[in-house]
Amino acid sequence: MNEPRFLPVVPTDHPPACAASLVHDFTPELISVGAHQLCPGCGEPMAIRAVAEAVAELGLTRSCIAVFGIGCSTAFSNNLDIEVVQALHGRAPSVATGITRMRPDVTALTVQGDGDMVNEGLQEVLHAAARGERITCFMLNNGVFGETGGQMTATTVLGQRTKNSPEGRDARHHGHPIRLADLVATLDGAVYVARGAVDTAVNVQRTKRMVLKALQAQKRGFALVEVLTMCPTGWAVDTTRSARYMADHHARIHSMGVLKDTGGGRSR
Amino acid sequence: MNEPRFLPVVPTDHPPACAASLVHDFTPELISVGAHQLCPGCGEPMAIRAVAEAVAELGLTRSCIAVFGIGCSTAFSNNLDIEVVQALHGRAPSVATGITRMRPDVTALTVQGDGDMVNEGLQEVLHAAARGERITCFMLNNGVFGETGGQMTATTVLGQRTKNSPEGRDARHHGHPIRLADLVATLDGAVYVARGAVDTAVNVQRTKRMVLKALQAQKRGFALVEVLTMCPTGWAVDTTRSARYMADHHARIHSMGVLKDTGGGRSR
Amino acid sequence: MSAGTLVIDTEACKGCELCVDACPPAVLVMTTDRVNARGYRHPELLPGCIACKACTAICPDFVFQVYRYHPSEEDTR
Amino acid sequence: MSAGTLVIDTEACKGCELCVDACPPAVLVMTTDRVNARGYRHPELLPGCIACKACTAICPDFVFQVYRYHPSEEDTR
Amino acid sequence: MERELLMTGIGGQGVQLAARLLAHALTAAGRGVQLFGSFGGMMRGGNTEATLIAADTAVESPPTVPLAWSAIVMHDAYADHVVPRLRPGGWLLVDSTVCRTPWRDGVAPGGVRRPDAAFDVLEVPATALARDLGSPAAATMVAIGAYARATDIVGADALAQALPEVLPPHRLEQATANMRALAAGYGAVPASSRPAWAEAPA
Amino acid sequence: MERELLMTGIGGQGVQLAARLLAHALTAAGRGVQLFGSFGGMMRGGNTEATLIAADTAVESPPTVPLAWSAIVMHDAYADHVVPRLRPGGWLLVDSTVCRTPWRDGVAPGGVRRPDAAFDVLEVPATALARDLGSPAAATMVAIGAYARATDIVGADALAQALPEVLPPHRLEQATANMRALAAGYGAVPASSRPAWAEAPA
Amino acid sequence: MSAPRFMAGSDALAAAMVAAGCRFFAGYPMTPFTGVLEAMAQRLPGAGGVCMNAESELEAIGMCWGAAAIGARAATGSTGQGLALMQESLAEMTSARLPLVVLNMARGQGDYFQTTRGGGHGDYRLPVLAPVDVSEAVTHVSLAFGWAEAWRTPVMLFGDYYLAHTHRSVSIPAPEEPVTPAWAVDGRSGGTGRARLISPLGTVKQRDGQGAQAGYDLAVHYRACADRTRAMLDGIAPRIEAETGGDTAVLVVAYGSPAAYVRAAVRELRAEGLPVGYARPVTLVPFPYGALARLARGCRAVAVYENNSGQAVDDVRLAVDGQVPVEFIGGLSMDPSGFGIAPDLDVTHLKERIMQLVGRVAAR
Amino acid sequence: MSAPRFMAGSDALAAAMVAAGCRFFAGYPMTPFTGVLEAMAQRLPGAGGVCMNAESELEAIGMCWGAAAIGARAATGSTGQGLALMQESLAEMTSARLPLVVLNMARGQGDYFQTTRGGGHGDYRLPVLAPVDVSEAVTHVSLAFGWAEAWRTPVMLFGDYYLAHTHRSVSIPAPEEPVTPAWAVDGRSGGTGRARLISPLGTVKQRDGQGAQAGYDLAVHYRACADRTRAMLDGIAPRIEAETGGDTAVLVVAYGSPAAYVRAAVRELRAEGLPVGYARPVTLVPFPYGALARLARGCRAVAVYENNSGQAVDDVRLAVDGQVPVEFIGGLSMDPSGFGIAPDLDVTHLKERIMQLVGRVAAR
Ligand SMILES: Cc1ncc(C[n+]2csc(CCOP(=O)(O)OP(=O)(O)O)c2C)c(N)n1
Ligand SMILES: Cc1ncc(C[n+]2csc(CCOP(=O)(O)OP(=O)(O)O)c2C)c(N)n1
Ligand code: SF4
Ligand code: SF4
Ligand code: SF4
Ligand code: SF4
Ligand code: SF4
Ligand code: SF4
Ligand SMILES: [Mg+2]
Ligand SMILES: [Mg+2]
């Protein structure tokens, strides 16, 4: 990493002078403000970006309402150029239900953390899925309550140290993690269920495709995409090691893939 | 049915005069009062009887606490010769958790209706199961809120008419029933999960065996027995037709059997 | 003739008739002319009870006691 | 020599270094001597960008714009 | 002029439905009517009670009344709450098939407020009559028919016409049985023995 | 005598930890101490602020104070709330690597309450010093070291001894780096330029 | 107004809601609220609305949150315990400025504090209407929807078992065609740079403070909430019903269904020549402090009847402010069902109780 | 008493709870309650107790319900919204007669009504202690456990961000060894014919009324509950702290953390010779009505400072009962975080505000 230093640094403070096309913008179209307050290396912005991009690409910008849960991602709820209804902690699926029932023409989606969806709001998402509500729920799963400082959630994997499982999550005392997407996939009302991750650029792209699929499937019923995100702060792991940490711990239990797709058959 | 009339009626107002043994008593040992207020033909008393008998047979009478939910079966919560802690609607699994955590030597069990467990308290039972709490939950599943007059619950099968699904449960509007036992069986903390029924004498016996198994499995983790019960009142079906109605409707979707048994292998 | 017999607490009965359907030899029949204090018809036993306990298993109101005659006695009947 | 290039909004960067790991040709390196107003080191681009967009995909702070040189121009480089 | 009816029974007897039938019929006949029904509780088969007030004009009273002109007792389980509230001059229709309490002596077992008051009791074997018709659950309809006949509070036609209004959809099939029960009750007692109104409604 | 210190920065700089370190050291040295830390909010990287009060005897004040004797500014993002609260005669230690606001002129951009007051400013390139030590996150430790040296509010040993008490278990490995940062701060400023106490604690 | 129809109270409430433009209802059964839920399930689909059998009270109010955000006239309700579960959402809906009508079908009057002081977080109050009977309740329904929309807040209608279970001939107001409010979201403002936001944390997008940080400024937001609450409490004219004379020595205060009994008792006593009067706060929030103070002036005592251990009596004391002695003549009265049927609600009993007080006052 | 140790407020609360015999704690993170939860997770296992990371506030209090039934000293807590979710259980625990200590770590003082009037169902009140600082809070913890057990009720400790986040040298009382109360269930009474029952619906087994029906008689039960509440409110001596002189013209009332600021301001003003005094209700339920009335006697005005739009001011008015004018000098004060850090809590500001009132009163 020292060697390239001798190479000249390319100027990057202005667009190139010679003919070139912008192939990816730093600020996604529907995210209004660049300077959000999430931690360095946080995985949530990438997931939210994927959702915002998918909404734009599917032409849903003018017919979409995003319902946000309470967690770190709430910082984005007043930051998007998509209509937003902010819900209370855990309650987003019901709120989205109220929306979609009164306006079936609108695409209602939720953005929730794992604490929001699998702890406080487990019942909400399962009932919404069983009802086959025409909504898509996105769950940013980092295995901790990020916002409150990194405590154990219902998805925290065994052995993981958190603020309130100081010796690591122990099945005997703290129980087992819930694989939310797997649980939802067993319900009759769910039509598309997948789990992605944002630890690598390739996974970000793959997740983006899941997001697109889910938003299309939602016409037929309930869709869910769980996205594994890094939380270097809550995990007390260096940003540079957090992607690896996720792959080695969190993603081992919560494995990536399409768990249900009633439209396109079952595949991984 | 007219013919036997010509046969003499056997006197049944006192025990037989000649040598005979009592093989089954009308009032189970641990149920203190005969005259409960549940409706004619209700299936819940049979299920509760099975639990009370199992507790006695396993020698748990002096080390058992039953936590009751709110529903018609609540009428039994001050009617047993087992210690009872009455919980609020939906909250019994958490209450049982508090009990078992502080007194691992005591057998804590819950008795809840489907409205209690699958509607109001879905989150509680799933979290308790994921945590692998050493408790057994019994769910009396009649597919309606009996106590409040027969409205749709999360287990009501498609097509069933209830007070607030006057045209019958319709997947498009009301969503799909949740098969609770199946859902719980997917969670890592659950060690024994089964579904019984009380529509026939044979099924009552089979259910009783499940109850016995569950109470024994609970030493290893979370156990659940769902029992399908008749609710002629809530279904607005004659008592004489309710067993058949259940077999034809409710039990088609919520099928009987052992769904998980980590001790004795998977079997049906 | 009968392997067993019952004690029936007719006042506890709510007349649901589940026992009638459950009894394998069909020796339980509902009264047609009499009701108990709460106005319910209740079962009566005809000869032929096999002491199978199906009626106690199914009865929601804990109405029955089932007796099995001792083998020696049974012969005499 | 480079198929593409970037615009880097260095002030938006929080120095997490995810982009450095993500860049296939490893042409992103962190500053060692300079920080932005918030005190964070940030990436600089070395020649050899292939405009693969991995950096934008992974950057949590929306720091990058990726440009691909037009084919004709590319020859001239 | 207000005429109060207290009706009591146990859950499942159909007391609320019968009271509603009478109320609808009275409304159709131009009376001011108020009906309050209380039932259920932590237990099934529990207390079920209705307070019906009919008047020449609009009813002004609160939902329940301290004193009543009449009562129908379908079961004596909870009749303690009802019988002592009869006004002097009030009267009682009892289902004599089911009720075993000797109301006719004017003394309630649980302590009547005015044990000296002699109640005027009309005994109707409602359950027996209903059973004879093959629909034992229709005993309350028998009682309502008898009550209407005894009081002329409302005509038989009005009752018959109101029936489909109050039956829930899944019980419409029982309309004929109920109709027959009403008629049986109507036929079981002498006419106008306790007239409710001095004259026809305004 | 009470000595107030306001410390401000942005989330992640370790302001709370540093303030706690100083508070523990002061307590061990026999001072009455009260520390109030506020941080977090709907956003990460937000305001983080500590109010430390040390006294000869037990502290009587409420958790926050209208006026303070001293302040440490690790970042100028939220310093508006802090600088105007310096008492006349109060002084400021700033991390000159990060802070670009010209506090030394005594005028805050957002409107200082007493723009005429000239602040006594001690500039410490804390972040640069920490970075030189290879642990840029320890800048607040540098600042605390420098503050202690400038004020003699507590001795270097007391700080070093308190360090293990305040470090969370998963950061105990950083103890040495922090120790070195404290020392670097200690060495970066002249001794006793703004003495806190007239004499040693009782 | 429709021609009068003989209906159960809960059905009349449902009919009135549909007439008032309610198009979304979500609820979970609980006596005595259940009847309203069932009636809405019967009535709403035919009116082009949606009635949800929510799986719990939490989900019921969550669904209403969404429907209200979309600008639909929405309502829910429950009973004591169920409403307790809704407290978080009720409080936060005031911050999110979402209208809602809540049918609080209580068991007895023990929930006066719950209803008027709430159990949620923060400095909010909800307007509360307490109808005395079905006919008034029907008029309150449209009032409630109006206030909910005007002040963008949940509004409570405080009823009980008597209200739900009393059948009367009721006229339902003429149907209103609901108009979608301008602030509602509909999905269409995305991509315009001014996409709408509805949030209990504030509605300022892209805070342009230091560093243009994303996030909410709760200081600004909560202050605005408190100001709006104040404006609302000042803006809604409190309502009171009273029957007094120049001679009134004892003023009896009651509210809700029990007030029908108290009113009947006072009327009978007045007819018998006793110097008693009657006052009924119709709005519990805002409470008619001023009007009650004026009515109390000159009286020798104010009596409060309520079916609990004494809750509204505090509001009466606050109104009277020490100028006249306030006596509590209520008390908890329950039948074994627990549904709030009160043996004490007996005109004869109440007359006796009031007469005793008149006697004590005269003896002073 | 342990030797004083320098601790964060939340850690001191945890230490005090463990010392008071608390052996079961369940909670869900929420600022500023989170610190207590984390401290309990650290401390309880070592003390032979259990700390549960409940999956939600509903489950937290449900678990406490079970632990309390078994006779364990149990505690939970949360912040505004989380406590709103617990209201149903809190209210019903009073009916089930279950002791519990609840740490209400509020954001600001907007939750005074929530805390003192509750949002649950029925005619209950919970004792509420409002410590002014960490040292007092530590003593309140053992008081709270004592009351909870003596009256078999949840007891609230009303704290805030200041309490949680202030570090001081604190002495923790000597550890108490918890004794299992006689009424607790333990599984052992089954089969005796008198198996124990703990229920919010009553504890009478096998009602021996008509027909020996199973089921509860809620009329009897709720009346007993109301009687016990009354006995408790009468039985707990309300606490108040006051600093006044014979000269006091203006009495300033405040509670909780803000009272520390008001006390400091009043002390400075008294030192400057102004005729002001200070009173702090230490128990909010039962509220020290009598003591406050006595303190107010002779004053020309009573001022109330609280960080909300005016809630406790109602209780002060009820205490003073019109004898002295009551003025509200508080108001909602929040920083952008929303955690309840109040810019107004500034001794200089408060002095000015009080001085203004003194001026107005003098001018009358
Ligand atoms: C009812 C309620 N309880 C607790 C909280 C406090 N709270 C805010 S965010 C949060 C954790 C969020 O965790 P998660 O959903 O995983 O999102 P993350 O912060 O990890 O992105 C909690 C517990 C709350 N806001 N409301
Ligand atoms: C929080 C709350 N909501 C609603 C109720 C009202 N409620 C009492 S029992 C019951 C239905 C019970 O249904 P289920 O659990 O299926 O039992 P069942 O009566 O069918 O036996 C309801 C909704 C309640 N007691 N508490
Ligand atoms: S705490 Fe975790 S989830 Fe929250 S912003 Fe920081 S890294 Fe992201
Ligand atoms: S309503 Fe249904 S569940 Fe309840 S007692 Fe009657 S039959 Fe049983
Ligand atoms: S099953 Fe029991 S209750 Fe039903 S009819 Fe037979 S004896 Fe009676
Ligand atoms: S024991 Fe068996 S055979 Fe005898 S009556 Fe009962 S069911 Fe019939
Ligand atoms: S990924 Fe983004 S924020 Fe992180 S170092 Fe690279 S440019 Fe900076
Ligand atoms: S576009 Fe690809 S090659 Fe170019 S800098 Fe980004 S990651 Fe590296
Ligand atoms: Mg998370
Ligand atoms: Mg059920």
Side-chain angles (χ1 to χ4, degrees), chain B residues 29-38 52 55-56 59-68 70 74-108 120-121 123-124 126-128 130-131 133 135, chain H residues 23-24 26 49-56 58-74 88-89 91-93 95-96 98 180 184-208 210-217:
Chain B
E29 192 182 342
L30 299 177
I31 299 185
S32 320
V33 174
H36 63 75
Q37 293 282 352
L38 275 61
V55 165
L60 300 173
T61 308
R62 295 296 184 102
S63 61
C64 171
I65 299 179
V67 180
F68 270 74
I70 299 275
T74 301
F76 276 90
S77 80
N78 71 350
N79 196 23
L80 299 182
D81 201 13
I82 297 174
E83 282 191 2
V84 168
V85 175
Q86 175 64 50
L88 297 182
H89 195 48
R91 312 288 153 224
S94 293
V95 173
T97 297
I99 290 172
T100 197
R101 289 292 179 132
M102 290 310 289
R103 281 215 169 251
D105 52 314
V106 162
T107 296
E120 187 86 43
Q123 171 156 330
E124 303 254 335
L126 294 180
H127 280 147
R131 285 197 310 269
E133 290 304 338
I135 61 175
Chain H
R23 290 296 174 269
F24 187 87
V50 175
C51 180
M52 295 293 293
N53 302 315
E55 287 88 347
S56 70
L58 291 169
E59 286 153 282
I61 194 154
M63 292 172 186
C64 286
W65 185 297
I70 215 101
R73 290 201 179 163
E88 185 199 12
S89 293
E92 299 286 323
M93 283 180 98
S95 305
L98 289 171
T180 305
V185 291
D186 57 6
R188 304 230 184 99
S189 68
T192 61
R194 290 161 288 104
R196 291 202 179 104
L197 166 68
I198 291 185
S199 166
L201 304 170
T203 44
V204 181
K205 285 226 163 201
Q206 310 161 26
R207 187 157 75 88
D208 295 315
Q210 228 152 356
Q213 288 146 355
Y216 296 91
D217 186 330

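In what follows, chains are A, B, ... by sequence order, proteins preceding strands, each numbered from 1.
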Which value, rounded to the nearest 0.5 Å, describes the distance between [X] atom [atom1] and [Y] atom [atom2]?
| X | Y | atom1 | atom2 | answer |
| --- | --- | --- | --- | --- |
| H:Arg188 | B:Asp105 | CZ | CG | 7.0 Å |
| H:Ile198 | B:Asn78 | CD1 | CG | 14.0 Å |
| H:Arg196 | B:Ile82 | CZ | CD1 | 15.5 Å |
| B:Ser77 | H:Leu201 | OG | CG | 6.5 Å |

Stepwise side-chain contact (heavy atoms from CB on, under 4.5 Å) check, H:Met63 with B:Arg101: CA-CA 9 Å; H:Met63 292 172 186; B:Arg101 289 292 179 132; over 6 Å; no
Does the side chain of B:Ile65 come within less than 4.5 Å of H:Ile70's, by heavy atoms? yes
Within the structure provided, determine whether B:Leu88 and H:Pro200 are in side-chain contact (heavy-atom separation under 4.5 Å). yes
Is B:Val106 in contact with chain H via its backbone, its side chain, both, or neither, using a 4.5 Å heavy-atom distance? side chain
Looking at H:Gly190, is its backbone amide N or carbonyl O close enough to the side chain of B:Asp81 to form a donor-acceptor pair, meaning the two atoms are under 3.5 Å apart? no
Looking at [options], which one has more heavy-atom pairs under 4.5 Å with chain B than the rest?
| options | value |
| --- | --- |
| H:Ile61, H:Val50, H:Leu58 | H:Leu58 |
| H:Gly191, H:Ser199, H:Ala60, H:Ala74 | H:Gly191 |
| H:Gly66, H:Ala26, H:Ala67 | H:Gly66 |

Determine the option with the most heavy-atom pairs under 4.5 angstrom with chain H, choosing from B:Val55, B:Val95, B:Leu60, B:Thr100. B:Val95
Do H:Tyr216 and B:Thr74 pair up side chain to side chain, a donor and an acceptor below 3.5 Å, judged on atom types alone? no
Ignoring hydrogens and angles, state whether a donor on the side chain of H:Glu59 or B:Gln123 is under 3.5 Å from an acceptor on the partner side chain. yes
Mind checking what makes side chain to side chain donor-acceptor pair (under 3.5 Å) contact with B:His89, not counting sequence neighbours? B:Asp116, G:Tyr28
Going by side chain to side chain donor-acceptor pair (under 3.5 Å), name the residues that satisfy it together with H:Ser189, two or more places apart in sequence or in a different chain. B:Glu83
Where do B:Arg91 and H:Trp65 land on the side-chain contact (heavy atoms from CB on, under 4.5 Å) test, with the steps shown first? CA-CA 9 Å; B:Arg91 312 288 153 224; H:Trp65 185 297; over 6 Å; no
Dump the intermediate steps for side-chain contact (heavy atoms from CB on, under 4.5 Å) on B:Glu124 and H:Glu55, then the final yes or no. CA-CA 9 Å; B:Glu124 303 254 335; H:Glu55 287 88 347; over 6 Å; no
Contact class of H:Ala96 relative to chain B, heavy atoms under 4.5 angstrom: neither
